[in-house]
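Have a look at the structure below before the remarks.
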Amino acid sequence: MKIIWYGHACFWIEINGVKILIDPYEDVNDDAIDGIDYILVTHEHIDHYGKTPLLARLRDATVIGPKPVYLMAISDGITKVMEIEGGQEIELKNGVKVKAVFVEHPSSQYPVGYIISNGQKTLFHPGDTYYSPVFKNFRGAIDILFVPISGRSTANPREAANIIEVIRPKIVVPMHYGVYSEGDVEEFIKELRERRIWVLIKVPEVGKPLEV
């Protein structure tokens with residue numbers, strides 16, 4: 001599985017040859033993002049939906065999102081679009097499955113996260129979220145977890161540690177910082193170490209691939 005972070009909560013993932021982009025915010029460098037089969041959008045806020053219409057057209061990608069995102073995409077003239085509900089799982093291609101999960105983001109009409117799996121590895125992008133009891137359902141079932149740390153309308157380092165402590169993923173990639181808000185990665189790591197939450201942390205660099 002290949003992962004590239006493009007800042008904020010925007011990630012490009014290649015899994016089983018399927019190329020997925022998540023949450024392309026309005027200021028993302030769209031010229032740097034090439035090859036997209038699907039665009040997953042966690043919720044309707046502009047720092048997540050942002051350049052979805054542009055990239056969907058440029059890359060001939062299918063947009064997938066909850067109802068508010070679906071309606072926005074339709075309004076923006078996107079014809080390759082699918083609605084997904086919390087708890088629903090869909091199969092893309094090449095054995096890749098995506099499941100939508102309700103998350104805790106009160107300012108959104110219908111916030112979801114996405115669990116992406118190929119039967120061998122499972123990745124969870126929870127979008128904007130605080131701690132939620134729903135995370136207990138995924139204890140020990142997630143290989144790679146993207147977790148927000150900024151504390152701006154989403155989890156801060158302490159709350160991110162709570163999420164990790166419950167889910168117990170193998171690898172954690174911090175996100176949702178450095179563009180519209182300052183998140184302290186060192187504070188986040190310190191919080192985990194002080195609480196003896198042992199997990200492999202991969203701090204991404206914008207535009208540089210991670211192989212997991």
Side-chain angles (χ1 to χ4, degrees), residues 1 3 6 8-26 28 33 35-57 59-119 121-130 132-138 141-148 153-154 163 167 169 175-176:
M1 186 185 299
I3 297 169
Y6 287 104
H8 202 51
C10 182
F11 288 86
W12 180 94
I13 301 157
E14 184 173 14
I15 178 170
N16 284 23
V18 180
K19 298 171 182 178
I20 300 169
L21 183 70
I22 306 177
D23 285 356
Y25 59 98
E26 69 268 36
V28 72
I33 305 172
I36 307 168
D37 299 310
Y38 301 93
I39 300 175
L40 305 183
V41 183
T42 59
H43 62 290
E44 74 280 9
H45 293 163
I46 197 66
D47 63 323
H48 294 261
Y49 178 79
K51 283 191 175 174
T52 294
L54 174 65
L55 285 165
R57 292 189 184 93
R59 308 292 183 256
D60 192 31
T62 298
V63 176
I64 301 174
K67 184 174 284 294
V69 170
Y70 173 81
L71 294 175
M72 288 169 69
I74 292 291
S75 178
D76 285 329
I78 304 303
T79 56
K80 295 176 66 174
V81 57
M82 298 173 59
E83 181 183 350
I84 192 168
E85 298 180 350
Q88 180 182 0
E89 184 177 74
I90 59 176
E91 187 163 348
L92 304 183
K93 58 183 181 180
N94 299 350
V96 176
K97 295 181 179 180
V98 172
K99 182 175 183 177
V101 177
F102 288 115
V103 294
E104 189 69 28
H105 188 44
S107 61
S108 169
Q109 297 177 50
Y110 200 116
V112 300
Y114 293 108
I115 294 177
I116 303 168
S117 176
N118 65 353
K121 290 184 178 179
T122 301
L123 179 150
F124 186 14
H125 186 307
D128 281 2
T129 190
Y130 297 100
S132 169
V134 73
F135 294 142
K136 294 179 181 178
N137 297 330
F138 310 117
I142 304 298
D143 295 303
I144 304 113
L145 173 66
F146 299 157
V147 66
S153 298
T154 192
I163 294 170
I167 294 179
M175 67 168 185
H176 205 282

Would a 4.5 Å heavy-atom cut-off, applied to side chains only, mark [X] and [Y] as touching?
X	Y	answer
P111	V103	yes
M175	H8	no
V101	P126	no
S108	D128	no
I13	F146	yes
V98	Y38	no
Y49	P68	no
V147	I167	no

Looking at residues at least two apart in the chain, or sitting in another chain, which of them share a salt bridge (charged side-chain N to carboxylate O under 4.0 Å, His left out) with D37?
K93
With distance as the sole test, does [X] use its side chain to make a donor-acceptor pair with the main-chain N or O of [Y] at under 3.5 Å?
X	Y	value
Q109	E44	no
T122	I142	no
N94	N16	yes
H43	H105	no
K80	D60	yes
T62	V81	no
H125	A9	yes
Y6	Y25	no

Looking at every non-hydrogen atom in both residues, tell me the closest pair between [X] and [Y] and how far apart they are.
X	Y	answer
P106	E104	CD-C, 3.9 Å
H176	P148	CB-CB, 3.7 Å
N118	K121	OD1-N, 2.8 Å
C10	V28	SG-CG2, 4.2 Å

List the residues meeting ring-ring contact (aromatic ring centres under 6.0 Å, His included) with Y110, not counting sequence neighbours, and say none if there are none.
F102
What is the distance from atom [atom1] of [X] to atom [atom2] of [Y], rounded to the nearest 0.5 Å?
X	Y	atom1	atom2	answer
S117	M1	OG	CE	7.5 Å
I78	T52	CD1	OG1	8.5 Å
D23	K51	CG	NZ	14.5 Å
H45	H48	NE2	NE2	8.0 Å
I15	I3	CD1	CD1	9.0 Å
I33	K19	CD1	NZ	13.0 Å

Tell me, yes or no, whether the heavy-atom count around K97 atom NZ, taken from other residues, nucleotides or ligands under 6.0 Å, exceeds 12.
no
Quick check on Y70: does its OH atom have over 12 non-hydrogen neighbours (other residues, nucleotides or ligands) under 6.0 Å away?
no
Go through it in stages, so that I can follow the logic: the residues are Y114 and I84, the test is side chain to side chain contact (heavy atoms under 4.5 Å, CB included), and I'd like the CA-CA distance, side-chain angles, deciding distance and then a yes or no.
CA-CA 10 Å; Y114 293 108; I84 192 168; 3.9 Å; yes
